[in-house]
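Take a look at the structure below.
Every value quoted in this text rests on a predicted model; they were computed, and no experiment measured them. To find a chain, count down the sequence lines: A is the first, B the second, and so on, and within it residues start at 1.
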Amino acid sequence: MSEERSLNFLEEIVEEDIAAGKNGGKVLTRFPPEPNGYLHIGHAKSICLNFGLAQRYGGQTNLRFDDTNPSKEEVEYVDSIKEDVKWLGFNWANELYASDYFDKLYDFAVKLIKKGLAYVDDSTADEIAAQKGTPTEPGTPNQYRNRSVEENLQLFAEMKAGKYPDGAKVLRAKIDLASPNMHMRDPLMYRIKHTHHHRTGNDWCIYPMYDFAHGESDAIEEITHSVCTLEFVPHRPLYDWFIENLEIFPSKQYEFARLNLNYTVMSKRKLLQLVEEKYVDGWDDPRMPTISGLRRRGYTPASIREFCERIGIAKRENMIDVSLLEFCIREDLNKTAWRRMAVLDPIKMVITNYPEGQVENMFSENNPEAEGGDGGREIPFSRELWIEREDFMEDPPKKFFRLGVGLMVRLKSAYIVKCDSFEKDADGNVTQINCTYIPESRSQNDTSGIHVKGTIHWVSVPHAITAEVRLYDRLFKVEDPSNEDGDFKEYINPDSLQVLEKVYIEPDLANAVPGKGYQFMRKGYFTLDKNSTRDKMVFNRTVTLKDGWKGTAQQPSKG
RNA sequence: UGCCUGAUAGUAUAAUGGUAGUACGACGGUUUUUGGUACCGUUUGUCUAGGUUCGAAUCCUGGUCGGGCAACCA
């Protein structure tokens with residue numbers, strides 16, 4: 001039943017640990033975001049990995065906010081992160097905060113001071129940087145490195161008590177200033193920051209650095225497998241050093257390659273810039289690679305989980321093609337989205353032999369992929385219809401299965417029509433297409449014996465509802481904007497958003513539900529935007545349908 | 001120039017000394033009242049040079065190329 005997928009390297013490690021009886025076979029992972037921005041698709045990879053690993057081996061996962069830098073962190077971000085993780089379909093065992101451990105962390109620091117393994121340094125940031133040396137030259141110790149335990153204890157207590165201004169002193173681990181690993185050259189453990197913290201308020205004016213908070217938090221929670229991205233590999237010796245010298249629970253850090261997606265940026269700093277400088281409409285702009293952006297775009301949690309499953313877990317740098325993400329959402333929506341008709345770029349068709357004033361209701365199933373079509377609805381049909389402008393050509397090429405004078409198509413779920421003539425305005429724009437219909441060709445009751453290659457969508461003119469439709473394309477013109485010369489914002493795609501103010505949609509779409517995906521037949525998948533109202537409906541295009549037609553040079557842009 | 005990492009079709013990811021496989025893409029076909037879906041087929045790969053071995057993507061050595069490391073960020 002369940003496909004035997006080969007294990008990724010982390011699953012192998014976990015299985016080995018379980019087999020070896022490590023931690024009594026327990027598996028506890030954690031997802032540790034810093035609440036300084038919204039979660040993106042890269043975080044989704046980490047979330048699926050951490051929660052998935054625990055689920056697979058009967059363990060649990062903590063959600064822990066790495067909130068050790070109050071100047072960047074906000075409650076808004078905490079809330080959005082919780083919402084996104086939940087939306088993705090994961091339940092954490094405990095909601096925790098590094099700031100919950102500030103007291104314990106302080107005690108840990110005191111313990112290291114007492115062991116002679118930490119000292120207070122009065123140097124400035126520049127001095128410390130200079131004294132650290134370079135990758136090829138060792139660092140040089142300063143006079144503070146030999147302070148007595150008693151003096152360090154007192155100074156550190158005074159730092160905590162608020163006696164010193166920001167930057168006046170730091171607490172450093174006393175390790176090895178000549179280490180080839182820069183992270184081991186007496187790394188900072190605490191800095192002074194008289195800043196309000198979103199949870200601890202003004203209780204603290206010293207805050208632990210990442211390296212002195214993360215592994216320690218893992219140990220406090222007894223995390224068995226602490227999974228992070230590759231850039232932390234050089235931190236691992238330090239992670240282990242603190243745990244060993246503090247003699248606390250031996251959590252282990254493992255690293256995997258972060259997700260890179262082409263035609264977008266993934267760093268929170270850059271995403272924040274796009275938001276603050278108004279290149280996009282907030283963190284949840286449908287063009288953003290954020291979870292909230294993807295949600296607003298119409299992506300489903302299942303499609304994102306599937307994507308994370310398909311990209312795999314390894315240790316080599318990678319660049320995933322967005323087309324894989326698009327494949328995943330199409331695959332999901334194809335099975336679930338109700339089919340509806342919408343004419344994005346309308347042109348009027350008049351069926352000259354259809355009685356004026358007559359209306360027929362045409363039945364059409366909701367989803368041909370589903371059992372029994374998943375029900376259906378009636379679509380009003382009349383003498384005048386809106387059809388897609390691109391479904392008519394004055395001079396159609398040979399394999400154009402749509403309309404042109406003399407050509408026949410089926411109107412989806414209705415009749416076969418033959419194009420007789422068309423009309424133009426003074427500027428040469430086609431304004432109207434005149435057709436005759438075949439009365440015997442009514443859908444589901446076709447006795448005409450006529451077979452046509454093309455079927456097109458339509459909306460009855462007197463019954464059409466007007467809506468706004470937003471078409472999205474990739475946010476950047478180049479595959480890897482961060483790697484180009486100059487500022488990444490120079491590579492923003494100016495056509496990433498196209499707003500169609502007046503689109504005609506079939507009447508049943510008045511019942512469209514937020515959060516549900518609809519397939520506008522032959523045009524793509526769409527979902528209601530959060531700002532849609534009863535009076536002015538707004539749909540976002542999630543993704544186009546795969547377009548296999550190579551008949552013209554002009555290909556509609558994917559998005 | 002130091003240290004740490006990694007390298008398998010276009011993109012990802014398996015093969016754990018024994019037939020280089022899978023997915024997406026691309027290309028072609030069948031079906032189709034969506035030029036969608038589904039189904040079938042084709043295509044393309046072990047960074048390089050040596051070595052060990054009956055046998056190497058896998059082990060060893062040298063090289064090449066990519067990524068990371070010198071924030072009071074995480």
Side-chain angles (χ1 to χ4, degrees), chain A residues 3 5-8 12 32-34 36 66-69 71-73 98 121 123-125 128-130 132-139 166-172 179-185 188-193 206-207 209-211 213-214 228-237 255 257 262 268-269 309-321 323-328 330-331 334-335 339 341 364 367-369 399-402 409-414 416 441 443-444 446 451-457 519-524 544-551:
Chain A
E3 283 285 299
R5 177 177 61 84
S6 52
L7 268 29
N8 65 47
E12 283 183 7
E34 182 188 15
N36 67 343
D66 229 337
D67 55 350
T68 57
N69 185 2
S71 38
K72 287 186 177 177
E73 297 153 6
D121 191 326
S123 309
T124 65
I128 287 176
K132 264 194 183 168
T134 68
T136 50
E137 306 159 49
D166 289 8
K169 286 178 168 44
V170 292
L171 183 71
R172 299 177 72 177
S179 171
N181 182 345
M182 298 297 291
H183 295 278
M184 299 298 276
R185 320 248 267 224
L188 271 61
M189 294 166 59
Y190 270 91
R191 77 284 214 187
I192 299 171
K193 234 181 213 291
I206 56 171
Y207 292 95
M209 301 289 292
Y210 166 85
D211 284 308
H214 200 99
C228 62
T229 47
L230 249 27
E231 66 267 31
F232 292 100
V233 168
H235 295 246
R236 194 188 330 129
E255 311 86 7
N262 59 10
K268 280 195 210 168
R269 203 191 101 253
E309 186 65 35
R310 281 173 179 269
I311 57 179
I313 301 293
K315 298 189 76 149
R316 59 188 99 110
E317 299 293 326
N318 58 79
M319 174 72 80
I320 307 285
D321 201 307
S323 66
L324 184 62
L325 224 204
E326 295 176 347
F327 166 82
C328 290
R330 284 194 190 103
E331 182 188 45
N334 176 52
K335 286 180 290 197
R339 272 56 171 174
M341 293 200 284
S364 195
N367 186 349
E369 301 297 315
K399 290 211 170 166
F400 189 68
F401 304 145
R402 310 181 198 175
V409 296
R410 172 172 295 280
L411 297 169
K412 172 69 186 172
S413 299
I416 292 175
S441 66
S443 206
Q444 296 179 313
D446 185 350
H451 293 284
V452 292
K453 285 289 264 187
T455 298
I456 66 170
H457 59 281
Q519 185 194 97
F520 289 0
M521 294 198 79
R522 306 206 300 136
K523 298 311 294 181
T544 60
L545 255 31
K546 189 176 166 189
D547 187 359
W549 190 51
K550 304 296 188 300

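- Nucleic acid contact for A:Gln519: base, since at least one base atom lies under 4.0 Å from a heavy atom of the residue.
- Close to B:G35, at under 4.0 Å from its OP1 or OP2, lies a side-chain N or O of A:Arg522.
- Residues meeting the side-chain contact (heavy atoms from CB on, under 4.5 Å) test with A:Val233, sequence neighbours left out: A:Leu230, A:Arg236, A:Glu255.
- Under the rule for a side chain to side chain donor-acceptor pair (under 3.5 Å), the partners of A:Asn36 that lie at least two apart in sequence or sit in another chain are A:Glu34, A:Lys268.
- Considering only the side chain of A:Arg339, B:U34 comes nearest among B:G35, B:G6, B:U34.
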Mark up nucleotides 68-74 of chain B, 5' to 3', with B wherever a protein heavy atom is under 4.0 angstrom from a base atom, S wherever such an atom reaches only the sugar-phosphate, and - elsewhere.
-SBSBSB
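- With P as the reference atom, B:A26 and B:G10 are 15 Å apart, rounded to whole Å.
- For A:Ser364, the side-chain contact (heavy atoms from CB on, under 4.5 Å) partners are A:Arg377, A:Ile379, A:Lys412, A:Ser413, not counting sequence neighbours.
- A:Ser323 meets the side chain to side chain donor-acceptor pair (under 3.5 Å) test with A:Asp321; sequence neighbours excluded.
- For A:Thr68, there are no side chain to side chain donor-acceptor pair (under 3.5 Å) partners at least two apart in sequence or on another chain.
- Every ring pair (Phe, Tyr, Trp, His ring centres under 6.0 Å) that A:Phe232 has, sequence neighbours left out, goes to A:Tyr210, A:His235.
- Between the side chain of A:Glu369 and the base of B:G36, a donor-acceptor pair under 3.5 Å is found.
- Listed by chain and number, the residues in a side chain to side chain donor-acceptor pair (under 3.5 Å) with A:Thr134 are A:Thr136, A:Glu137 (sequence neighbours excluded).
- B:A7 atom P lies 10 Å from atom NZ of A:Lys315, rounded to whole Å.
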What's touching nucleotides 20-24 of chain B from the protein side, N or O pairs under 3.5 Å?
residue : atom : partner  : partner atom : Å
B:A23   : O2'  : A:Arg310 : NH1          : 2.4

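- Here the separation of B:C60 from B:G6, taken at their P atoms, is 12 Å to the nearest Å.
- Stem analysis of RNA chain B (Watson-Crick or G-U pairs, both distances under 3.5 Å, runs of at least three) returns B:2-7 with B:64-69, B:10-13 with B:21-24, B:26-30 with B:38-42, B:47-51 with B:59-63.
- For a distance-only test at 3.5 Å, the side chain of A:Glu255 fails to qualify as a donor-acceptor partner of the base of B:U5.
- Residue A:Ile313 is classed as a sugar-phosphate contact, given heavy-atom separations below 4.0 Å to backbone atoms only.
- Taken from CD1 in A:Ile128 to CZ in A:Arg172, the straight-line distance is 4.5 Å, to the nearest 0.5 Å.
- Rounded to the nearest Å, the gap between the P atom of B:U37 and that of B:A74 is 47 Å.
- For A:Arg402 against B:G35, a side-chain-to-base donor-acceptor contact under 3.5 Å is present.
- B:G28 and B:U52 have their C1' atoms separated by 46 Å, given to the nearest Å.
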Protein-proximity profile, nucleotides 28-33 of chain B, B/S/- by nucleotide at the 4.0 Å heavy-atom cutoff, equals -----B
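- With sequence neighbours left out, A:Pro368 forms a side-chain contact (heavy atoms from CB on, under 4.5 Å) with A:Arg339, A:Glu365.
- Protein atom NE2 of A:His457 is 13 Å distant from nucleotide atom C1' of B:G35, rounded to whole Å.
- The phosphate of B:G2 has neither OP1 nor OP2 within less than 4.0 Å of any side-chain N or O from A:Arg185.
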